[in-house]
Amino acid sequence: MIDIGLTKLALIGVVALVVIGPERLPKVARMAGTLFGRAQRYINDVKSEVSREMELDELRKMQKDVQDAASDVSNSIHKSMSDTESSINAAWNGGDESSDEYGDGSSGSSWKRNPDPSLLAIKAKAFRRKKLSRTTGVPAWYKHQSGHRTRVISASARVAKYRRPVGVGKSAGFF
């Protein structure tokens, strides 16, 4: 910024005291301080905004590079998948693309055909049943035993039901 030494500040202060006067000098000094503070904040805001924009430009460049690399990887994967698929089809068909073993025009690519809707429904039902069995709070041993609760007994009722009667199997006296 501006290089102002102590002697220059003292000279500016004496001139301001003479020109402005001792009554209005504190108000002018406060106003000059607030204006100086505002100017500093404005400069700092501009600096931070410029640095933020520079960082955003770098990030955009980096994002573009990553997207290009990802698209290259994706293209190479798609190419290798298509090569593999064609080799699998060739092996499946025994090297003859014109053979139609199923008679439905699928030319031997039965692994690409859609499965039967009834089989899909059975598979979806089994999946939901397995998922439900994994996510419920009932212990597995209880599920295998009965499948559902028939009666709920409180803890005190269980203790009363399974407690041995008093005096059975014990000695007659306490002492």
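Heavy-atom basis, side chains included; hydrogens, waters and symmetry copies ignored.
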**Request:** Give every residue pair that meets the side-chain hydrogen bond (donor to acceptor under 3.5 Å, both in side chains) criterion with at least one member in residues 115-124, sequence neighbours excluded.
**Result:** D116-S118

**Complete:** Output for pair (H78 NE2, S71 OG), nearest 0.5 Å, gives 10.5 Å

**Asked** Roughly how far apart are K8 NZ and I12 CD1, rounded to 0.5 Å?
**Response** 8.5 Å

**Asked** Once you round to the nearest 0.5 Å, how far does OG of S156 lie from CZ of R163?
**Response** 10.0 Å

**Asked** Under the criterion side-chain contact (heavy atoms from CB on, under 4.5 Å), which of D83, N89, I88 is the partner of E85?
**Response** N89

**Request:** Return yes if some donor-acceptor pair links the side-chain N/O of S86 with the main-chain N/O of S82 below 3.5 Å, else return no.
**Result:** yes

**Prompt:** Atom CD in E55, atom CD in E53: separation rounded to 0.5 Å?
**Reply:** 10.0 Å

**Request:** Check S48 against S51 and note the closest heavy-atom contact, atom names and distance.
**Result:** O-OG, 2.8 Å

**Message:** Looking at every heavy atom in both L25 and I20, which two are closest together, and how far apart are they?
**Reply:** N-CG2, 3.9 Å

**Fill in**
The reported gap from CD in Q63 to CD in E58 (rounded to nearest 0.5 angstrom) is 14.0 Å

**Prompt:** Should L35 and I43 be counted in the same cluster of Ile, Leu, Val, Met, Phe, Trp and Tyr side chains packed under 4.5 Å apart?
**Reply:** no

**Cationic N near anionic O, under 4.0 Å, R41 to D45** = no

